[in-house]
There are 2 protein chains.
Amino acid sequence: MANDIEIRDKLMHNGLKVTPQRVAVLEALFDLRTHPTADNIIEYIRQNHPNIAVGTVYKTLETFVEKSMIQKIVTENNVMRYDGYTDKHHHIYFADSDNIEDYYDDDLNNLIEQYFNEKKIPNFKIEDIKLQIVGRHIPNSH
Amino acid sequence: MANDIEIRDKLMHNGLKVTPQRVAVLEALFDLRTHPTADNIIEYIRQNHPNIAVGTVYKTLETFVEKSMIQKIVTENNVMRYDGYTDKHHHIYFADSDNIEDYYDDDLNNLIEQYFNEKKIPNFKIEDIKLQIVGRHIPNSH
DNA sequence: GTACCTGCAAAAGATTTGCATCTTT
DNA sequence: AAAGATGCAAATCTTTTGCAGGTAC
């Protein structure tokens, strides 16, 4: 859980006014490490901040995405999910639930980066490569 | 553009009744190589088949996805797109347009597969890895 | 003939928008 | 004071659903 000062700084550094609503949304994104939907975020925030409006949360999230402060995660259920952590990582999608976990692996990133340094895609500048790793949890065998 | 016989076969082999609507949707997916939305597909089909219902197209697409005859492609615009080609490939997302192109690369697939053969993810069985390659078209320099 | 499909229209669910009011700077 | 943000409710957009009637096998 990030403290208020960090959050205020982050907002100010991105040229955004520091409002309680924005602080609450950012805080929720740091606290909820489940890649929440907008709805999850609203529910979480309303515990301490009952009057926040749905539209405000959506607008806030969109603003943060535009500033690259957070990331959208697309899913096959027509619901957007959000990720408050923007350091380079990939996502593991569990085929049998809507759980999405982070996957950090710099060796893999380097491998892929090197690969594409040699083998270019014609007329194309790669900005980012994200892996969607899909699979299943293996239950413990004892 | 696939011929009718192939399409009929594909439907029958998946235990589906061969209806003009299903043939039209599959045909659209083979013809439109732009990873169309449901709406794109409806528009395309209505040229020759004006009475097809919106709900039918959605149901048909969902049926095809369940049978793994086609794939969903998720986007950041809250619109699902569909891909009629299910052989292993990745997608190139153009950051400055909603263009999505296919990327076939077996060398890369092997590289990644080998990587994960050695470095397992604990308690997890990988079923598929999809790359979202994001970037921009480089204009020709003359 | 039966099981399965389709069309239609209504419903649902997620997200966006317009605008008056309020807050931050 | 000015610029920008919020709340509210209505609107929009995509996708799903229920069901009566129709079609493939």
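Letters go in sequence order (proteins before strands), and every chain restarts at 1.
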Here's a test for you: under side chain to side chain donor-acceptor pair (under 3.5 Å), which of K72(A), R33(A), H91(A) qualifies with D83(A)?
H91(A)
Donor on one side chain, acceptor on other, Y115(A) and D105(B), under 3.5 Å
yes
Hey, what's the ring geometry for Y103(A) with H90(A), parallel, tilted or perpendicular (30° and 60° as the breaks)?
tilted
Ignoring hydrogens, what is the shortest heavy-atom contact between K88(A) and D128(A)? Give both atom names and the distance.
NZ-OD1, 2.9 Å
Proximity of F94(B) and F124(A) rings by center, below 6.0 Å:
yes
Exam field: side chain N3(B) to backbone I5(B), donor-acceptor pair closer than 3.5 Å:
yes
Distance-only, no hydrogens or angles: does the N77(A) side chain make a donor-acceptor pair with backbone N or O of V79(A) under 3.5 Å?
no
Which nucleotides of nucleotides 9-23 of chain D have their base under 4.0 Å from a protein heavy atom (B), which only their sugar-phosphate (S), and which neither (-), written as one string 5' to 3'?
-----SBBBBB----
Nearest whole Å is fine: how far is dC8(D) P from I42(A) CD1?
13 Å
What range of DNA chain C does chain A touch, first nucleotide to last, counting atoms under 4.0 Å from its heavy atoms?
dA14(C) to dT25(C)
Looking only at heavy atoms, what is the nearest atom pair of T86(B) and Q71(B), with distance?
CA-OE1, 4.3 Å
